[in-house]
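For reference, the structure discussed in these notes is given below.
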Protein chains: 2
Amino acid sequence: MTPPSSKSARRPRRPRPADLKPHEVELAQFFVRMAGILGVPRSVAEIYALLYGSSQPLDFDRIQARLGMSKGSVSQGLRFLRDHGMILSVRAAGSRRERWQPTPSLATSLVNLLRSQVLPALEQSTPALRRVLEAATADGASPEVLDRLGRLNRWNGRALELAPLLLPPPEA
Amino acid sequence: MTPPSSKSARRPRRPRPADLKPHEVELAQFFVRMAGILGVPRSVAEIYALLYGSSQPLDFDRIQARLGMSKGSVSQGLRFLRDHGMILSVRAAGSRRERWQPTPSLATSLVNLLRSQVLPALEQSTPALRRVLEAATADGASPEVLDRLGRLNRWNGRALELAPLLLPPPEA
DNA sequence: GTCATACTTCAGATTTTTTTGAACAATGAC
DNA sequence: GTCATTGTTCAAAAAAATCTGAAGTATGAC
């Protein structure tokens, strides 16, 4: 039965030795499921979920302790979330320690995430798709195939034009 | 440097012993990249790309031969594409052999794919998210957290309402 | 300037996904 | 009805993604 793919049909997972309340676990499961669709790893989703459900900003050590996760994973997870504009840090005076919280708009965070995944793929594709169309033309491909490939090229171009409008680029 | 995630930073791949023209390879790479974003396996994307660039419908054996892929992968890949309404088969009279071609609308195919991934996740989440909000309320979470969780619940509900409108369900 | 703190790095271990192929099942041409 | 053809299944192998933790680096409190 198991289809060859799609994150849908996943095996049960080894539970992490986390120290979470039941509703924190459910929130984490929600974010893990959604993150899976975009190929974001479990550990990253768990960190985000923990921060999302927390009334206070949390520091590195507390995140590690509550999720029962290695330092490496916490470090990389926080970096990913930070780089995608999904979390912010605050620092208490007289301490080097950073404390993290989710950025106010989850919607913006999601769009950032999508952009960062889709845009590079589209950019890489532009010249390749043009070459494919040219080669197929030279090859005497059927009108139907040429039509398909033409549409693909136009889609790619339009998607690239639209992308910057969807939301202001990384800065700004 | 390698981020903890995102399909972006992938290692080089073992080339498949395929027998494709250069432009067919580039088309396959495009579909593989895009499929990767949605977690669709390489083999499935390669099959789709081959059909997409082909002037004639192709049969099982020809797909296997051109892509240098196992029977199992071809079978599972075709099943996935068929189940998601992305390919159609035609049969020549007097032969059991099916020959495959992409469905006319790639856009529709993509929406089908997205639906099949996102909808089940949303449905599973509805009761869980409600429980999370209730538990947090009982727990005396901060107004800010309650606000976040409330928004999450509303998003989920709206997404579920919208989904059926996006495109007619599997049948119809 | 010193150095303990706070994180980062990355090679290897682990987990999960994907692919393979040999055994098996279904079907329609005859 | 028979059986070669066509495709499926699934356990095991291979590949890929993710996680770990010990060693290393950077920084700001003092």
Side-chain angles (χ1 to χ4, degrees), chain A residues 1-18 32 35-47 58-65 67-83 87 89-100 117, chain B residues 1-18 32 35-47 58-65 67-83 87 89 91-100:
Chain A
M1 243 327 76
T2 304
S5 136
S6 93
K7 312 285 173 161
S8 27
R10 272 184 164 159
R11 283 171 221 153
R13 303 193 179 249
R14 179 185 60 77
R16 212 187 275 288
V32 167
I37 293 171
L38 279 173
V40 172
R42 177 186 181 62
S43 63
V44 173
E46 286 179 344
I47 293 172
L58 300 179
D59 66 33
F60 192 106
D61 290 352
R62 194 179 282 277
I63 293 168
Q64 190 190 346
L67 294 177
M69 186 180 282
S70 72
K71 281 183 105 186
S73 287
V74 174
S75 179
Q76 293 199 157
L78 287 175
R79 160 145 56 150
F80 179 91
L81 292 168
R82 195 202 304 132
D83 289 352
I87 58 174
S89 72
V90 295
R91 282 173 57 170
S95 164
R96 278 168 64 192
R97 195 162 274 271
E98 304 202 74
R99 298 166 69 235
W100 298 94
Q117 304 229 284
Chain B
M1 236 335 69
T2 303
S5 135
S6 92
K7 312 285 171 162
S8 26
R10 274 183 163 161
R11 283 174 218 148
R13 303 194 179 248
R14 180 184 61 74
R16 211 186 277 286
V32 168
I37 292 172
L38 280 173
V40 172
R42 178 185 183 62
S43 62
V44 175
E46 287 179 345
I47 293 172
L58 300 180
D59 66 33
F60 192 107
D61 289 352
R62 194 180 281 279
I63 293 168
Q64 189 189 350
L67 295 176
M69 187 179 282
S70 71
K71 281 183 100 184
S73 287
V74 173
S75 179
Q76 293 199 158
L78 287 175
R79 160 146 56 149
F80 179 91
L81 292 168
R82 194 201 306 132
D83 289 352
I87 58 175
S89 71
R91 281 174 58 170
S95 165
R96 276 169 66 194
R97 194 162 274 269
E98 304 202 75
R99 299 166 69 235
W100 299 95

> Quick one: which of dT19(C), dT8(C), dG7(D) gets closest to the side chain of Lys71(A)?
Replying inline: dT8(C)
>> Both Arg91(A) and Gly72(A) contact DNA chain D. Taking the nearest nucleotide for each, which residue is further toward the 5' end?
In response: Gly72(A)
> Between Ser70(A) and dG21(D), does any side-chain N or O lie under 4.0 Å from OP1 or OP2?
Replying inline: no
> Rounded to the nearest Å, what distance is computed from the CZ atom of residue Arg62(A) to the C1' atom of nucleotide dA6(C)?
Replying inline: 16 Å
> Between Ile63(B) (CD1) and dT8(D) (C1'), how many Å, whole number?
Replying inline: 15 Å
>> Go through it in stages, so that I can follow the logic: the residues are Val40(A) and Phe80(A), the test is side chain to side chain contact (heavy atoms under 4.5 Å, CB included), and I'd like the CA-CA distance, side-chain angles, deciding distance and then a yes or no.
In response: CA-CA 10 Å; Val40(A) 172; Phe80(A) 179 91; 4.1 Å; yes
> Roughly how many Å is it from CG in Leu78(B) to P in dT18(C), rounded to a whole number?
Replying inline: 17 Å
>> Heavy atoms from C-beta onward define the side chain here; which of dC19(D), dA6(C), dC7(C) lies closest to that of Ser95(A)?
In response: dA6(C)
> Between atom CZ in Phe60(A) and atom C1' in dC7(C), what is the gap in whole Å?
Replying inline: 6 Å
> Side chain of Ser75(A): nearest nucleotide among dT18(C), dG21(D), dT8(C)?
Replying inline: dT8(C)
>> Rounded to whole Å, please give me the gap between CD in Gln64(B) and P in dG21(C).
In response: 9 Å
> Minimum heavy-atom separation for Val32(B) to Glu46(B), with atom names?
Replying inline: CG2-CG, 3.9 Å
>> Please determine whether the number of non-hydrogen atoms from other residues, nucleotides or ligands lying under 6.0 Å from atom CZ of Arg82(A) exceeds 12.
In response: yes
>> Whole angstroms only, please: what is the CZ-C1' distance between Arg97(A) and dA29(D)?
In response: 14 Å
> OP1 or OP2 of dA26(C) less than 4.0 angstrom from a side-chain nitrogen or oxygen of Arg96(B), does that happen here?
Replying inline: no
> So what does Arg82(B) touch, heavy atoms closer than 4.0 Å: a base, only the sugar-phosphate, or nothing?
Replying inline: sugar-phosphate
> When the distance from CD of Gln76(B) to P of dA22(C) is rounded to whole Å, what number comes out?
Replying inline: 16 Å
>> Starting the side chain at C-beta, find the nucleotide from dG28(D), dT19(C), dC7(C) nearest to Arg42(B).
In response: dT19(C)
>> Looking at Ser73(B), I'd like to know whether one of its side-chain N or O atoms comes within less than 4.0 Å of OP1 or OP2 on dT20(C).
In response: yes
>> Name the residue from Arg96(A), Arg97(A), Arg99(A) that meets the salt bridge (Lys or Arg N to Asp or Glu O under 4.0 Å) definition with Asp59(A).
In response: Arg97(A)
> Looking for any heavy atom pair under 4.0 Å, which part of the strands does Arg99(B) touch: base, sugar-phosphate only, or nothing?
Replying inline: nothing
> Please give, in whole Å, the distance from dG21(D) P to Leu67(A) CG?
Replying inline: 15 Å
>> Which nucleotide wins on minimum distance to the side chain of Ser43(A), given the candidates dG28(C), dT20(C), dC19(D)?
In response: dC19(D)
> Taking it one step at a time, do Ile47(B) and Met69(B) satisfy side chain to side chain contact (heavy atoms under 4.5 Å, CB included)?
Replying inline: CA-CA 10 Å; Ile47(B) 293 172; Met69(B) 187 179 282; 4.0 Å; yes
>> Just N and O in the side chain of Arg79(A): are any of them under 4.0 Å from OP1 or OP2 of dC7(C)?
In response: no
